[in-house]
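Here the structure comes first, spelled out in structure tokens, and everything after it is commentary.
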Amino acid sequence: MKRTKYKSARPGVVNSLPQKLAIYAVLILGSMAMLLPFFWMISTAFKKAGDVFLLPIRWIPPNPTLENFQRVFTEFEFQHYIWNTVWLTAINMVGFMLSCALVAYGFATQRFKYKNALFMLVLATMMLPKEVIFYPRFILFKFMGLYGTMAPLWLLSFFADAFQVFLMRQFFMGIPSELGEAAKIDGCSRFRIFWNLYIPLSKPVLATSAIYIFMFHWNDFFGPLIYITQESNRTAALALMYLRGSQDVQSMMPMQMSAAIITALPCLILYYFCQRYFIAGMTVTTGVEK
């Protein structure tokens, strides 16, 4: 009996081998083009100053050395800037996750007048360009006497963020309301229901939120550039700019690439081990309001 071959009914599905090979070839070439600067950064970090601009480019250093990484910590004291970045990122993660979770819990579980209108107003703030609110915010912090300190870079984290509120609210709405009602009958307060029930059940969305907050504030450059005036308060991203313009390019290029690798390494490690949370962050926002 002769078997009948059925073609895929889904549009856009590639079945032929030549088409698959062509797609994979394009993807591989595209990924190589995107990773080429990253490979050059790693190669330069292990080169000596005189080998950086040799032609043709030597992708594998003939005499690899760790001297550039040592100079970053001994001559430039890069560990202080890394510590400032760690401290600033940690306090922003705590502030945003706590404030956003509380606001999202209120919008997801509580009933009050004009709740939907207020939530739409919160979402409307996402449409405001950062350039529009930057100048009024700068004037406010300067009037409060906080310009030149690190306070403007973490103080607003305790006032929630619209995107993170939306992200957590969608997840909280997926938790059965019967659990909260049962806890309320047992005598639990609203805050205890939030802290002992919703927070333990919301570890995936909290992890997703923490990753997004970490990635933004670890790599933030514009905020520290505007508000930080003292060298002791500089972050790693800001210190890289001053390292680039400190001396001649050829002698400082290997040390700059070493500092760039040290700065980028936490983000690379985080993304490698937490890829599924990035994907979860894209899918959890598709929830439909009850």
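Minimum heavy-atom separation, Met168 to Ser209: CE-OG, 3.4 Å. Of all the heavy atoms in Leu167 and Val205, the pair that sits closest is O-CG2, 3.8 Å.
For residues 184-197, the set of pairs meeting the side-chain hydrogen bond (donor to acceptor under 3.5 Å, both in side chains) definition, not counting sequence neighbours, comprises Gln110-Arg190.
In this structure, Tyr114 places its OH atom where only 12 or fewer heavy-atom neighbours from other residues, nucleotides or ligands lie under 6.0 Å away. In Phe38, the CZ atom is not crowded: 12 or fewer heavy atoms of neighbouring residues, nucleotides or ligands sit closer than 6.0 Å. More than 12 heavy atoms of other shown residues, nucleotides or ligands fall within 6.0 angstrom of atom CH2 in Trp87.
When the ring-ring contact (aromatic ring centres under 6.0 Å, His included) test is applied to Phe222, the partners found at least two apart in sequence or on another chain are Phe134.
Note: Phe163 and Tyr212 have perpendicular aromatic rings, judged against thresholds of 30 and 60 degrees for the angle between ring planes. Ring pair Tyr105/Phe172 is perpendicular by interplanar angle, where above 60° counts as perpendicular and below 30° as parallel. Using cut-offs of 30° and 60° on the angle between ring planes, the pair Phe78 and Phe73 is perpendicular.
A donor-acceptor pair shorter than 3.5 Å cannot be found between the side chains of Gln19 and Tyr24.
Cation-pi contact between Arg71 and Phe76: absent, since separation from the ring centre below 6.0 Å together with deviation from the ring axis within 45° is not met.
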